[in-house]
Structures are given as structure tokens and as C-alpha cells.
There are 2 protein chains.
Amino acid sequence: MKFELQDFLPYLLNQAAEQASIGFQQIYKRKYGMLRTEWRVLFHLGRYGSLTAQEICSRGGLHKTKVSRAVSALEAKRFASRKKRDEDRRFEDLSLTAQGKRVYSDLQEQAEAFNRELTRNLTETEIRNLIACLRKIGKQSADNR
Amino acid sequence: MKFELQDFLPYLLNQAAEQASIGFQQIYKRKYGMLRTEWRVLFHLGRYGSLTAQEICSRGGLHKTKVSRAVSALEAKRFASRKKRDEDRRFEDLSLTAQGKRVYSDLQEQAEAFNRELTRNLTETEIRNLIACLRKIGKQSADNR
DNA sequence: TCTTGATAGTTACATTTTCAACTAATACCC
DNA sequence: GGGTATTAGTTGAAAATGTAACTATCAAGA
């Protein structure tokens, strides 16, 4: 059997991810001038409440420099704030400001709508299987991020 | 139902794609010093023979500046060569050199192995469904790339 | 207490990517 | 033919990312 680029998973995944990301990027970029990493961090904070940068890194599979810069950017936009922990001043607890929460709430709705749109042509079963597969593949091998 | 980042497709796709790309990147980067876009272009040429930059753009969903630079890099490595078309000198037909073909053949085998590894935990049915879904999602809306 | 080593996060610098403007070649149409 | 619009591909500057070295804080043991 001849090798088909169209069956090569890293390629397909990349295409699909690109397509999906670009679509949603329009929304948070145009509306709030945010970058992808900023959006990701905002979503983590919106969904899970207060987190440290480190926790966002491991949960989101993001490198710490990316998170560091995203947090600074979110802080500059007054969407997030940080507070050093008293017990261990290396940690910073990050959380959304009132404004940040409003942005999260808005984007979260848009995300759901976008997600529905993206899966419009797929059946329930297909979607469940897709998600399960993506989770398996996306599991990070324990590395430094 | 509460919104779950873990069910949000752009997020999942990105995680999975990242994971898959990073893994395969090790191979072509370490062995041939190639970047992701270079590898993609090389694979298109290896798989489909002679193509113009424009064709690679539309087939691969890549921006023309990326392709332009990747082609230059592949040319510098003597993996690819170009030839302006006589009928219309705006077009350049790109193809692999003998060395480029050897590299393709090597990487293509590695890609197949990597692909198998990536789907190790998935059944045949799951894989088929996954691929079908990714293709649907990845279809580019007709834009400039 | 002092040294060594870890960990959270930042910063500087190099590499890549993106965006927009550009050249060159052709097509269209008066 | 001559002007205008398109298309293929390139280039330069700005933005984003990755890598590695850095600071600051704490832990643990001599």
C-alpha cells in the first residue's frame, strides 16, 4: 500500500487543528485583541478558578515562558491579577478580575457555539469517538512543560 | 451542563496535533535539520512528484510565504530543485533531487512507523472514524492560503 | 548557619512566523 | 498596442515562539 499523506495522523491533526484554531481565533482576537495562549490561560482561569502558572502549564501542556508572557498580557489588559502566596513566595496565585470573568463568560458561550458548528456534520457517536481518540493521542508524555 | 475545556474541540485538536507533531519533529529535525514546513513540502513533492508552490499551498493549507521559504531551504540543502515553466514563466515546477528522494523515502518509512505507534491504543474502527472526522474538520474554507 | 540543590517564574536572544508591500509575468479588454 | 487587473512568488519588518540562562525563594543536610 502506498503511503498516503492524507492518512498520516500528524498531518491530519495539524490540518484540523489549524482549521479549528483559526476559526475561533477570529473571535477572541478581533473582540479582545488576545493571542491564542492568552485565551488558553484565560479559559483555564475562568473554568478552574485560581491557579498558579505552573498548574496552567501542566494542565494545558504549555511551556512556562508562554504562560508567563500570556499572564503579563492578561494582566496588562486587566483581565487577570496575581498574588504571591504568603507561605511560599515563589508561587503566584492567578485569577480573573471582574472584567476578565465577563470576557470569559462571553468567550465561553462563543466557544460552545463554535464547537457545535465545527461538529455540525458529525453524529453523536462520531464525536464521542473523536474526543476519546484525541484525548489518548494528546496525553502528554511526561516532559518539562 | 458546564462548559468543559476538555471537550472543546479546538483545544483537543491542538493538544493532539502538538503531541503528534513534536514527536515526529524529532526525527526530521535531528536527522536532516529540517523544519516542519520544509518536511511538509518535501513530503508533498515526494508523494505527488512535481508541483508548483501554489499547488503545495492549496493542497497543504500552507501560506505562500512559508512555502517560498521552505523551498529555498530545501534547495539550499540540495533536496529540491526548481524550473520555471516555459509557457508561463510565473510558475515554477518543483521537484526532489535524487538526494531529496532518498530523504523522502527514509522519512516516509519513519512516518509510517510513527503513525502506527501513535495509533497503537486505537482499534481499526476508531482510526477510520478518527480520520474521517479529521478530514471533515480540516477541509479548508476557500481562503487565500 | 552555610552550602547545595531544587522549584516558580522571568528575561534575553535567536529562530520562526506573519503581514503587507513588492517584483515579474501574463491575461483581459478598450 | 497600451492600460489595468490578476496571479506566482519573494522580501523586509514586526510579531510570536523557543531555548537557555537568569533571579528569587525555599528545602535539606552537614
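Chain A is the first sequence line, chain B the second, and so forth, proteins listed ahead of strands; every chain is numbered from 1. As the structure is a computational prediction, the values presented were derived from the model and not from experiment.
Scored by the side-chain contact (heavy atoms from CB on, under 4.5 Å) test, Leu12(B) finds Ile131(A), Leu134(A), Arg135(A) as partners (sequence neighbours excluded). Residues satisfying the salt bridge (charged side-chain N to carboxylate O under 4.0 Å, His left out) criterion with Glu109(A), sequence neighbours excluded, are absent altogether. The side-chain contact (heavy atoms from CB on, under 4.5 Å) check on Lys29(A) picks up Gln25(A), with sequence neighbours excluded. Scored by the side-chain contact (heavy atoms from CB on, under 4.5 Å) test, Glu117(B) finds Arg120(B) as partners (sequence neighbours excluded). Residues meeting the salt bridge (charged side-chain N to carboxylate O under 4.0 Å, His left out) test with Lys101(B), sequence neighbours left out: none. For Phe91(A), the ring-ring contact (aromatic ring centres under 6.0 Å, His included) criterion is met by no residue, not counting sequence neighbours. Every residue was checked against the salt bridge (charged side-chain N to carboxylate O under 4.0 Å, His left out) condition with Arg89(B), not counting sequence neighbours, and none meets it.
Counting 5' to 3', DNA chain C first comes under 4.0 angstrom of a heavy atom of chain A and last does so at the ends given by dA6(C) to dC19(C). Protein chain A touches strand DNA chain D; the 5'-most and 3'-most nucleotides with an atom under 4.0 angstrom of its non-hydrogen atoms are dA16(D) to dC26(D).
Shown for residues 81-88 of chain A: residues whose heavy atoms fall under 4.0 angstrom of DNA chain C, namely Arg82(A). At a non-hydrogen distance threshold of 4.0 Å, Lys66(B), Arg69(B) from residues 66-80 of chain B come into contact with DNA chain C. Residues of residues 35-43 of chain B that place a heavy atom closer than 4.0 Å to DNA chain D do not occur.
Rounding to the nearest 0.5 Å places OG of Ser68(B) at 11.0 Å from CD1 of Ile56(B).
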